[in-house]
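Here, residue 1 is the first one in the sequence, and each next residue gets the next number. In each ligand, atom 1 is the first atom listed, and ligand 1 is the first ligand listed. All heavy atoms count here, side chains included; hydrogens, waters and symmetry mates do not.
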Amino acid sequence: MITEKETTKEMVRTYLVTGGAGFIGSNYIHYMFRKYGDQIRIINVDALTYAGNPENLKEVEERENYTFIKADICDKDAIRAIFQQNEIDRVVHFAAESHVDRSIRNPEVFVQTNVYGTAVMLNCAKEAWEQPDGSFAEGKKFLHVSTDEVYGSLEEDGGYFYETTPYAPHSPYSASKASSDFLVKSYIDTYHFPANITNCSNNYGPYQFPEKLIPLMINNALQGKSLPVYGDGKNVRDWLYVDDHAKAIDLVQEKGRLGETYNIGGHNEKQNIEIIHTIIETLLEMLPKEDERRKLVSKDLITYVEDRKGHDRRYAIAPDKIRAEIGWEPETMFKDGIKKTIAWYFAHEQWMENVTSGDYQKYYEEMYKGN
Ligand SMILES: NC(=O)c1ccc[n+]([C@@H]2O[C@H](COP(=O)([O-])OP(=O)(O)OC[C@H]3O[C@@H](n4cnc5c(N)ncnc54)[C@H](O)[C@@H]3O)[C@@H](O)[C@H]2O)c1
């Protein structure tokens, strides 16, 4: 825990990242250190729920300009103390419960973390940054990381989500994220709070917890386990390589207009079943000839299971605004991103073993009932 204000490195910008031990947060931290090196300082606040994994950050752990604080964003005193003890310039708020299936089983924790936790983050930042005249100290910025799921579901031929698309969330997850977005918008409107919101499509890449589609399929296929597909497998998601998301977040915070929302997407729509076929084909292409696992990987593993309750049919982002105003575009083609992702999982078997032991097993059994 940092106990006193950093005074020696006044030129170094300090980021408070929440949820940095999760999938996107840890990729973002790696991206930021690659880009800025010692020119920034990052304080990562994470409660280390089942989804938070300090192993994701072991390469940066020793850096002098990185600090990890284990704290719950709902713990007002802990968050306030971090703002009091550090001159925070940027907040990048990832911490959330993020898995739709879990939200269907246990919605309350989604409201607690995603809504109440965001309120705590906003309020502590406001308290720390607000000046006596009600304005905000120069250069302070809060970025709220959100999802395209707040916009609801599109028909198969039903256009795209724009920043102006009305919110229509369906799952407890997306409803809680929508509520948190509205809270941020209310701070912008009421206090002129210096914030941005980003609504991003589905991410994939290294360090993703194997309850999510892509790492689940990679992990199961390599073990010859069934590949559970919801419903008819034709639900469409727009997939973005996680580094492209990290870059977009940084650009929005540096170049975006304060108070604005930016949609981030890959223009890379795929049916779930297509993704699974691509994973199987890519695994077979990448596994060395002598690797025993080649015998296990097969399309026969695909098993259709009862559809997710309230399963949204299609999500598709129109990233026109971020392209026009900020110049961001997705850089990683899906065929390259999926290879990079699979190569990462090949090189990190121990990581996968560690995260799939213990509680994950119990969860998996309950979710897919022996499939
Ligand atoms: N994964 C995606 O495809 C995707 C797409 C768009 C937006 N998002 C959003 O991006 C953010 C990060 O998503 P992710 O996939 O990395 O999630 P994740 O589940 O992998 O990570 C969430 C992190 O937040 C931490 N956390 C959870 N509750 C906390 C609490 N009360 N206090 C402090 N830390 C807590 C967890 O320990 C974990 O490290 C979320 O806000 C999510 O809504 C995700």
Side-chain angles (χ1 to χ4, degrees), residues 16-31 43-57 68-76 78-79 82 91-103 106 108-121 124 143-151 161 169 171-181 184 197-216 237-242 244-246 248-249 262-266 268 275 315 317 319 337 341 355 360:
L16 176 57
V17 174
T18 70
F23 163 48
I24 306 175
S26 57
N27 277 286
Y28 169 80
I29 290 174
H30 287 297
Y31 173 84
I43 301 170
N44 173 18
V45 179
D46 197 300
L48 297 183
T49 67
Y50 78 93
N53 185 355
E55 226 185 307
N56 297 359
L57 292 156
F68 176 73
I69 299 174
K70 184 173 186 302
D72 189 323
I73 55 164
C74 300
D75 181 346
K76 219 188 301 185
I79 301 299
I82 295 169
V91 173
V92 183
H93 176 38
F94 294 97
E97 287 292 333
S98 71
H99 191 38
V100 176
D101 287 339
R102 287 184 188 255
S103 83
N106 183 15
E108 285 174 19
V109 64
F110 284 71
V111 176
Q112 174 72 9
T113 291
N114 299 1
V115 186
Y116 182 68
T118 299
V120 169
M121 288 308 303
C124 290
L143 191 138
H144 177 62
V145 180
S146 193
T147 165
D148 59 355
E149 302 194 25
V150 297
Y151 296 121
F161 295 137
S171 72
Y173 165 65
S174 52
S176 68
K177 290 297 290 188
S179 310
S180 66
D181 291 9
V184 179
I197 299 171
T198 54
N199 293 92
C200 187
S201 60
N202 276 28
N203 284 214
Y204 69 100
Y207 303 111
Q208 190 167 27
F209 195 75
E211 63 186 358
K212 303 278 169 69
L213 183 74
I214 289 181
L216 175 71
R237 301 291 180 263
D238 176 7
W239 293 90
L240 182 70
Y241 191 65
V242 64
D244 285 340
H245 188 186
I249 288 170
Y262 293 91
N263 281 353
I264 305 171
N268 179 50
I275 296 275
Y315 302 139
I317 280 280
T341 305
V355 297
Y360 174 80

List the closest protein heavy-atom neighbour of atom 22 (C) of ligand 1: residue, atom name, distance to the nearest 0.1 Å.
A96 O, 3.5 Å
Check F94 against I24 and note the closest heavy-atom contact, atom names and distance.
CE2-CG2, 3.6 Å
Nearest candidate to atom 26 (N) of ligand 1, where distance is taken over non-hydrogen atoms, out of T49, N199, L48
T49
Centroid-centroid under 6.0 Å between H30 and Y207 rings
yes
Note the single closest protein heavy atom to atom 3 (O) of ligand 1, along with its residue, its atom name and the distance in Å.
N203 N, 2.8 Å
Apply side-chain contact (heavy atoms from CB on, under 4.5 Å) to L213 and W239, showing your working.
CA-CA 11 Å; L213 183 74; W239 293 90; 3.8 Å; yes
Show the nearest heavy-atom pair for residues K76 and C124, with the distance to one decimal.
O-SG, 4.0 Å
Would you mind running through ligand 1 and noting each atom that sits below 4.0 Å from a heavy atom of S201?
5 (C), 6 (C)
Which protein heavy atom lies closest to atom 6 (C) of ligand 1, and at what distance to 0.1 Å?
C200 O, 3.3 Å
Nearest heavy-atom neighbours spanning A21 and N56:
O-ND2, 3.1 Å
Check this for me - ligand 1, D46, N or O atoms closer than 3.5 angstrom, yes or no?
yes
Between A96 and K177 the two heavy atoms that sit nearest each other are CB-NZ, 4.0 Å
Atoms of ligand 1 less than 4.0 Å from V145 heavy atoms?
10 (O), 41 (O)
Selection from I24, L240, T147 by shortest heavy-atom distance to atom 4 (C) of ligand 1:
I24
Provide the closest heavy-atom pair for D238 versus I317 in the form atom of the first, atom of the second, distance.
OD2-N, 3.3 Å
Please report whether ligand 1 has a polar contact with I73, defined as an N or O pair separated by less than 3.5 Å (distance criterion only).
yes
Hey, is ligand 1 close enough to V45 that some N/O pair sits below 3.5 Å?
no
Counting only nitrogen or oxygen atoms and a 3.5 angstrom limit, does G20 reach ligand 1?
no
For D72, counting its heavy atoms only, list the atoms of ligand 1 lying under 4.0 Å from any of them.
30 (C), 31 (N), 32 (N)
Any donor and acceptor pair, going by atom type alone, linking the side chain of N202 with main-chain N or O of R237 inside 3.5 Å?
no
Could you tell me which atoms of ligand 1, counted from 1 in the order shown, lie closer than 4.0 angstrom to a heavy atom of S146?
6 (C), 7 (C)
Can a side-chain donor-acceptor contact be found between N203 and N27 if the only test is distance below 3.5 angstrom?
no
Output the list of atoms in ligand 1 that are nearer than 4.0 Å to some heavy atom of N202, sorted by atom number.
3 (O)
Proximal atoms of ligand 1 relative to A71 (non-hydrogen, under 4.0 Å)
32 (N), 33 (C)
Polar contact flag for N53 and ligand 1 (N/O pairs, less than 3.5 Å):
no
Report the nearest protein non-hydrogen atom to atom 41 (O) of ligand 1: residue, atom name, distance rounded to 0.1 Å.
K177 NZ, 2.6 Å
Out of F23, Y50, Y28, Y173, indicate the one that has the non-hydrogen atom closest to atom 43 (O) of ligand 1.
Y173
When you compare ligand 1 with E97, is there at least one nitrogen or oxygen pair between them that comes in under 3.5 angstrom?
no
For atom 21 (O) of ligand 1, which protein heavy atom lies nearest, and how many Å away is it?
G22 CA, 3.4 Å
Nearest heavy atom to atom 12 (C) of ligand 1, choosing from W239, F94, Y204, belongs to F94
Any idea which protein heavy atom is nearest atom 33 (C) of ligand 1, and the distance to it?
A47 N, 3.2 Å
Less than 6.0 angstrom from the centroid, inside 45 degrees of the normal: does R102 satisfy that with respect to the ring of Y50?
yes
State whether the number of non-hydrogen atoms from other residues, nucleotides or ligands found under 6.0 Å of K212 atom NZ is greater than 12.
yes
Of all the heavy-atom pairs spanning L48 and D46, show the shortest one and how long it is.
N-OD1, 2.6 Å
Heavy atom of the protein closest to atom 19 (O) of ligand 1 (residue, atom name, distance):
S98 OG, 2.7 Å
I'd like to know if the side chain of Y173 pairs up with that of E97 as donor and acceptor (distance under 3.5 Å, no hydrogens or angles considered).
no
Polar contact flag for H245 and ligand 1 (N/O pairs, less than 3.5 Å)
no
Could you walk me through whether Y151 and N199 pass the side-chain contact (heavy atoms from CB on, under 4.5 Å) check?
CA-CA 9 Å; Y151 296 121; N199 293 92; 3.9 Å; yes
